[in-house]
Protein chains: 2
Amino acid sequence: MIICEGEPATSIFNVTQGVVKLVRSSSDGRTQIVGFRVPGEFFATPAFERHTVTAVAVTDVQLCRFSRSRLAGLLREYPDLLARLFEMSSAQLLASEDQVFLLGRRTAREKVVTFLLDFSSRTLLGRPEPQRLVHLPMARVDIADFLGLTIETVSRVLSSLVREGLITVGISRSVRFVDLPALMSIAGGPEPVIR
Amino acid sequence: MIICEGEPATSIFNVTQGVVKLVRSSSDGRTQIVGFRVPGEFFATPAFERHTVTAVAVTDVQLCRFSRSRLAGLLREYPDLLARLFEMSSAQLLASEDQVFLLGRRTAREKVVTFLLDFSSRTLLGRPEPQRLVHLPMARVDIADFLGLTIETVSRVLSSLVREGLITVGISRSVRFVDLPALMSIAGGPEPVIR
DNA sequence: CGCTGGTTTGAACTAATTCAAACGACGTGG
DNA sequence: CCACGTCGTTTGAATTAGTTCAAACCAGCG
């Protein structure tokens with residue numbers, strides 16, 4: 001666990017290696033992952049006094065920490081940095097709204113396929129077209145917690161995708177996209193805005 | 001309709017009267033409301049070239065529009081304004097993550113009660129304690145679209161809350177909270193962070 | 001070799017949806 | 001002023017997507 005929901009926010013983090021999950025949880029034990037962070041991405045916005053999420057390492061991670069005071073100094077020194085922070089926060093808002101649509105209006109199958117494609121395109125740094133192969137570093141329980149499903153449902157959907165020949169699952173949580181067009185048509189999603 | 005998803009973003013808006021809904025929709029007709037905006041709140045972030053949501057007036061509205069060019073000028077003139085924008089965007093991100101938890105991990109009943117209490121506390125400008133009476137300007141279909149439910153489910157939940165004596169519904173979409181403690185315990189939600 | 005933690009599969013169940021119909025408020029026109 | 005149509009809302013019955021509970025499976029590891 002890197003940071004914990006509710007504790008005083010003293011730093012922001014940049015992931016350089018590995019994957020981090022951001023979790024919201026309620027007192028009765030239900031948890032919802034509000035996002036994953038892969039290398040190159042930030043978490044723990046400095047806009048609030050306390051952390052709004054719990055951050056947990058999904059794999060071994062390497063992080064770059066900026067203390068709040070250091071950040072304040074940098075902001076004075078480089079005024080453009082604030083614009084960059086604003087941009088990042090806006091991009092995260094956009095991603096969060098995508099997730100809202102996903103959770104509110106899409107079926108289990110659509111959720112899983114969308115997750116596979118999204119995560120795939122996010123982890124191949126720079127390369128534009130969707131990869132045919134993606135490695136999922138997180139357990140089923142994390143995928144389920146991200147998609148608002150149970151692990152059994154995630155597992156069943158993956159099995160059915162394999163049965164229908166759309167994907168194959170290899171060892172160590174790797175997934176190969178066999179019928180990419182079909183997968184993309186299942187993912188569909190909100191009207192694609194040029195982003 | 002005030003702005004439309006995907007069209008070039010030329011302005012940002014501040015609501016001064018009435019209520020606006022922000023909608024994401026997919027090509028197959030499913031829609032998800034990602035937020036409501038009440039007087040005092042902004043929408044249509046200037047961070048992207050194109051609008052990421054469709055904004056529709058729920059009631060008669062009065063808006064204050066800032067063109068992008070005007071905003072750019074203001075940003076040059078008042079550097080602190082950017083910090084304010086960043087804050088607003090962060091607050092919206094927080095709200096969006098709340099909604100993610102709501103959609104992903106809570107039951108229909110919890111969703112509806114949470115919505116009632118949240119909307120109530122948001123519309124009473126300034127007054128801190130939750131009001132006993134709230135006016136819902138939007139139709140059932142909008143509540144359903146916000147909570148990822150159907151109108152029938154929303155209606156059924158409200159009926160059951162009335163039957164159990166937790167609320168009463170008056171004319172013209174007004175709702176009175178009869179047993180506020182019980183409602184708040186149903187709403188519960190993620191661990192309350194001091195915000 | 002046997003244990004452990006994650007994953008898959010099966011069967012029963014349930015929360016929420018779907019389909020259908022009745023209901024009620026409201027505005028319009030006779 | 002009242003009948004009528006419209007649109008939003010409520011209620012009911014049947015259906016289903018996803019969950020729950022349970023057991024089997026499997027890979028990695030001491």
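Letters go in sequence order (proteins before strands), and every chain restarts at 1.
- Taking atom CZ of B:Arg106 as the reference point, atom P of D:dT19 lies 17 Å away to the nearest angstrom.
- Taking 4.0 Å as the cut-off between side-chain N and carboxylate O, A:Glu41 and A:Arg122 count as a salt-bridged pair.
- Counting non-hydrogen atoms under 4.0 angstrom, A:Arg109 reaches nothing in the nucleic acid.
- In this structure, CZ of B:Arg173 is placed 13 Å from C1' of C:dG24, rounded to the nearest angstrom.
- The side-chain heavy atoms of B:Phe13 and B:Val15, taken from C-beta on, include no pair separated by under 4.5 Å.
- Distance A:Leu161 CG to C:dT9 P: 12 Å, rounded to the nearest Å.
- Across the interface with DNA chain C, nearest-nucleotide mapping of A:Arg105 and A:Arg163 shows A:Arg163 to be the residue nearer the 5′ end.
- In terms of modelled atom types and a separation under 3.5 Å, the side chain of B:Gln99 and the main chain of B:Phe146 share a donor-acceptor contact.
- Candidate nucleotides C:dT8, D:dT19, D:dT11 were compared by shortest atom distance to the side chain of A:Leu149, and D:dT19 ranks first.
- Summarising the geometry, the separation between CG on B:Leu147 and C1' on C:dA15 is reported as 15 Å, rounded to the nearest angstrom.
- As a whole-Å value, the separation of A:Ile143 CD1 from C:dG6 C1' is 12 Å.
- Distance from the side chain of B:Glu152 is smallest to D:dT11 among D:dG8, D:dT11, D:dT20.
- Side-chain to base pairing of A:Arg140 with C:dG5: no donor and acceptor N or O lie closer than 3.5 Å to each other.
- With no hydrogens or angles considered, no side-chain donor-acceptor pair links B:Ser67 and B:Ser11 at under 3.5 Å.
- We find that CD1 of B:Ile151 is positioned 8 Å from C1' of D:dG8, with the value rounded to whole Å.
- Between A:Thr150 and D:dG18 there is no side-chain polar atom (N or O) within less than 4.0 angstrom of OP1 or OP2.
- Among the atoms of the strands shown, only primed sugar atoms or phosphate atoms (P, OP1, OP2) are found under 4.0 Å from some heavy atom of B:Ser159.
- Taking 4.0 angstrom as the limit, A:Ser155 places none of its side-chain polar atoms (N or O) nearer than this to OP1 or OP2 of C:dT9.
- In this structure, A:Ile171 places its CD1 atom 15 Å from P of C:dT7, rounding to the nearest Å.
- For the pair A:Asp145 CG and C:dT7 P, the computed distance is 12 Å after rounding to whole Å.
- Each of B:Leu158 and A:Thr107 has a nearest nucleotide on DNA chain D; the 5'-most of these lies closest to B:Leu158.
- Between B:Arg24 and B:Thr31, the side chains place no donor N or O within less than 3.5 Å of an acceptor N or O (distance only, hydrogens not considered).
- For C:dG10, neither phosphate oxygen OP1 nor OP2 lies less than 4.0 angstrom from any side-chain nitrogen or oxygen of A:Arg156.
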